[in-house]
Amino acid sequence: MRMVVKVGTSTLAHPTGLINLRRVEALCRVLSDLKNAGHQLILVSSGAIGMGAGKLGLKSRPQDVAGKQAAAAVGQCELMYTYDRLFGQYNHVVAQLLLTADDFSHADRRANLVQALERLLEMNALPVINENDTVATEEFGVGDNDTLSALVAVAAHAELLVLLSDIEGLYTADPRRDPKAQLMNTVPELTAEIERMAGGSGSGLGTGGMTTKLHAARLATEAGMDMVITHGAKPENLYAIVEGQPVGTRFLGHHA
Ligand code: GLU
């Protein structure tokens, strides 16, 4: 199976901005194992800005554009260094792709990207993708990695998109505020009611939230693939997700 896995800053880093070693090590082990089992994987990883802030010793994620650009330039190195080391332990080769919105909106650039991705997958390398945050500032950027991962999954004709988040999935209400909130296992259709259940961004370090996840779900399901949201603290869940077992929330792809 060809799948795209997106991991958010809240999964990769502690609230301090420094890397969450236990999580990231577990994630790289599971992804390596899925590759060993023959699956084709593309990893979309956030964390450049958050980790850059941590590495630079900033007290919080920078709010100004130049500060974010600078933190991303530092953090992206740290991120790839970490992935290179951890995937290297399992003999997997990582490849960095830093993209901007234009790589999807211009047909020739999109074809160029797809060609590189296909060749990397053929070579059994693991593409690790992020937005090019140092240059993809507001007007050039996709803006969030949930959307970016869906654009990548659609461009690469993936069969499955998995978003590893700081929440188990989509709830009927905000579980941080409403104890009666229930996890939805399956979403066959993105109705107006489902859209209403989505709130704002959850954590201090990331930029996503349920709204961007539903946007990603729309792009993915309209292209015919399922999308799953699950908690990033349990990367082992990916095994069950690949087998189609009910974990987190699965948005069902529309088949023409
Ligand atoms: N590209 C950003 C980063 O690496 C994250 C964007 C997002 O979390 O949606 O820090």
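As a basis for the values below, the full set of heavy atoms in this structure was taken, side chains included, without hydrogen atoms, waters or symmetry mates. Start at 1 and go down the list; that is how both ligands and their atoms are numbered.
Salt bridge annotation for E159-R2: absent, with no cationic side-chain nitrogen under 4.0 angstrom from a carboxylate oxygen.
Checked against a 3.5 angstrom limit, the closest N/O atoms of D133 and ligand 1 fall inside it. Of the N or O atoms in S45, none lie within a sub-3.5 Å distance of an N or O in ligand 1. Residue-to-ligand polar distances keep G143 apart from ligand 1: every N/O pair is separated by 3.5 Å or more. At a 3.5 angstrom cut-off on N or O pairs, N130 counts as close to ligand 1. Polar contact with ligand 1: absent for K6 (N/O pair, distance under 3.5 Å).
Side-chain contact check for N130 and Q76: at least one donor-acceptor pair (N or O, by modelled atom type) lies under 3.5 Å. Using modelled atom types, one finds a donor on one side chain and an acceptor on the other under 3.5 Å when comparing N145 with S46.
Counting Ile, Leu, Val, Met, Phe, Trp and Tyr side chains that sit under 4.5 Å apart, directly or through other members, L56 shares a hydrophobic cluster with L58, V74.
Among residues two or more places apart in sequence or in another chain, the salt bridge (charged side-chain N to carboxylate O under 4.0 Å, His left out) test is passed with R110 by none.
Atoms of ligand 1 lying under 4.0 Å from at least one heavy atom of D144, given by number and element, are 9 (O). Residue S46 approaches ligand 1 through these ligand atoms, each under 4.0 Å from one of its heavy atoms: 4 (O), 5 (C), 7 (C), 8 (O).
At least one heavy atom of G47 lies less than 4.0 angstrom from ligand 1.
A 6.0 Å sphere centred on CD of Q245 holds more than 12 heavy atoms belonging to other residues, nucleotides or ligands.
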